[in-house]
Amino acid sequence: MTRPIIGWEQGLPVPNGHRFNRYLTCEDGRLHIDGLDLTQLFDEDRSHQGFDRTLPSPLEIIYLPIIRRQIDFMRQLFADVIAEVEYGGDFHYAYASKANAAEEIIRTTLGAGANHEMSSTVDVEIARIMKGRGLLPDDRMVICNGFKSAGMAYADNIVRFRDEHPTLIPVVEDMLELPPLIASGKQFEVGLRQKSYGPHADEAEMNLYNSRFGLAVEDMWKAADYVAAAPNLTLKLYHAMVGSQLVDQEDFVGRLKPAMEIYARLKQRHSSLSIFNFGGGMPVAMTLDFDFDYHAFVRLLLTTMQEVCGRYSVPVPDIMGEFGRYTTSEHGAHLFRIVSVKENNSHLPWYIIDGSIMSSFPDSWALGEHFIVLPLNHLDMPFHQVQLGGLTCDSDDQYPPKKSESPLYLPVETRDLYIGFFSIGAYQEMLGGVKGSKHCVLPEAYELIIDKDEGGRFQFEVLPGQTAANVLQNLGYQTKNIES
Ligand SMILES: Cc1ncc(COP(=O)(O)O)c(C=O)c1O
């Protein structure tokens with residue numbers, strides 16, 4: 001069983017200048033994210049990095065420069081490898097909005113030049129808002145995944161949005177999605193989604209697989225013929241998503257290979273097809289032991305595509321990826337204060353945080369997912385092994401997850417101790433819900449959006465957390481006399 005490294009794994013203090021990963025470092029006993037001292041957010045004793053107030057804990061951090069860095073890195077990597085292996089197609093980066101649909105995220109991904117992937121009718125409204133603000137230019141591809149059969153609000157909204165945005169590409173994952181597109185009479189470039197989630201040796205195995213996503217191979221051929229016969233539709237994109245957080249590059253490309261074969265055969269018959277979209281799956285560092293060779297992956301992907309297309313004598317396609325977790329995981333952190341320490345005959349001391357682990361990071365509780373946890377201060381003091389407990393009364397509200405074998409070490413000194421969960425920016429907030437009423441009616445934290453201006457100086461925007469009145473109103477209470 002793997003044992004992810006989720007923090008500092010020893011009793012000795014963290015040496016000054018220690019780098020935990022690309023963006024987290026220890027300076028004078030305090031944790032810095034990209035050079036920004038995090039303890040100052042709670043502390044009068046601040047490092048004068050442009051932040052001029054004290055915020056309450058818990059606090060959610062949204063650090064936008066990491067999102068741009070992720071997008072720029074991947075686009076540059078593909079450009080480099082395309083040149084290196086003389087690949088005859090382009091690369092298109094799309095952001096999968098389901099990972100985190102917050103306004104500041106979508107504005108940042110579009111601002112960085114990403115195409116946009118969506119999955120529901122409300123997503124269309126988000127794209128419409130961005131269009132209205134001039135952030136979604138006409139040439140930016142908008143990929144419409146998700147279920148959208150005739151009669152669904154999403155299907156109607158896509159047809160309407162086509163009048164506002166020319167490069168709107170519905171990806172058909174069920175035969176029932178074709179009639180509304182054909183009946184609209186509007187010109188659409190469309191995609192077809194292959195049923196291919198998981199590792200499959202070949203087409204026959206793919207067909208037998210039980211998945212509600214995408215078309216079986218036979219339906220794929222039929223759908224392609226319907227599209228070709230419809231005067232207003234053009235087949236543009238082939239979509240095959242094979243998994244999420246795929247950390248082995250050979251396995252990742254191996255899963256895609258049967259789909260590449262089908263792409264090449266479809267291309268022989270439908271020459272308008274020009275994009276191979278591998279969907280999500282690109283991994284990202286959620287713990288400190290992450291080791292994925294992005295360059296080797298891209299090289300293997302492109303050379304395998306060259307080999308397959310060469311065998312079928314068709315030109316190589318443009319490559320698209322829909323990057324959800326990869327784009328947004330690392331930009332998000334959630335900071336808490338340790339409010340109490342309890343022994344209670346437990347084999348490890350309980351450090352109780354001022355919020356909930358299970359409702360802030362549902363994947364840690366539901367799937368046993370690991371995230372990075374580090375102290376924000378007292379890093380220059382001795383550490384010992386502990387367990388974290390949330391404020392709710394739920395026995396599952398703990399970290400590391402119950403079945404985990406990863407030890408968590410935190411400073412022995414707990415006076416004014418703050419800790420952070422890192423790499424939690426993808427899916428956790430969307431799964432836990434935003435501004436609802438949560439377990440044990442704990443209010444939602446303040447948010448701090450951090451960006452950098454052109455001179456590299458930090459910029460801050462504070463979004464207030466929920467008040468008691470907000471939480472109670474959600475639950476149907478009259479709150480006239482409740483202040484906070
Ligand atoms: C169709 C589609 N594309 C992209 C993604 C994003 O995947 P990931 O977060 O692995 O990048 C998902 C995730 O569920 C998806 O369903």
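Just so you know, ligand 1 is whichever comes first in the structure, and atom 1 is the first atom listed for that ligand.
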Please determine whether a side-chain nitrogen of the Lys or Arg among [X] and [Y] lies less than 4.0 Å from a carboxylate oxygen of the Asp or Glu.
| X | Y | answer |
| --- | --- | --- |
| Arg265 | Glu261 | no |
| Lys131 | Asp138 | yes |
| Asp156 | Arg160 | no |
| Arg269 | Asp225 | yes |
| Glu103 | Arg133 | yes |

Hey, does [X] come in under 3.5 Å of ligand 1, counting only N/O atoms on both sides?
| X | value |
| --- | --- |
| Gly324 | yes |
| Gly281 | yes |
| Arg193 | no |

| message | Does either side chain, that of Asn145 or that of Glu173, offer a donor lying less than 3.5 Å from an acceptor on the other one? | response |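 No pair is found: no donor N or O on one side chain lies under 3.5 Å from an acceptor on the other.
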
| field | Donor-acceptor side-chain pairing of Glu322 and Asn115 below 3.5 angstrom | value |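 No.
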
| said: Among all protein heavy atoms in this structure, tell me which lies nearest to atom 16 (O) of ligand 1, with the distance rounded to 0.1 Å. | reply: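 The closest heavy atom on the protein side is Lys98 NZ, 3.6 Å.
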
| How far is atom 12 (C) of ligand 1 from its nearest protein heavy atom, and which residue and atom is that? |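 So the nearest neighbour among protein heavy atoms is Met241 CE, 3.5 Å.
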
| query | Is it the side chain, the backbone, both or neither of Glu173 that has a heavy atom closer than 4.0 Å to ligand 1? | reply |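 Within the 4.0 Å criterion, Glu173 makes no contact with ligand 1.
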
| field | ligand 1-proximal atoms of Ser244, by part, heavy-atom distance under 4.0 Å | value |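 Looking at Ser244 and ligand 1, atoms from backbone and side chain both fall under 4.0 Å.
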
Go through ligand 1 atom by atom and flag the ones less than 4.0 Å from a non-hydrogen atom of [X].
| X | value |
| --- | --- |
| Glu117 | 1 (C), 2 (C), 3 (N) |
| Tyr427 | 6 (C), 7 (O), 8 (P), 9 (O), 13 (C) |
| Glu322 | 1 (C), 2 (C), 3 (N), 4 (C), 6 (C), 11 (O) |
| Arg325 | 8 (P), 9 (O), 11 (O) |

| field | Phe323 and Tyr95 aromatic centres sub-6.0 Å | value |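 No, the ring centres sit 6.0 Å or more apart.
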
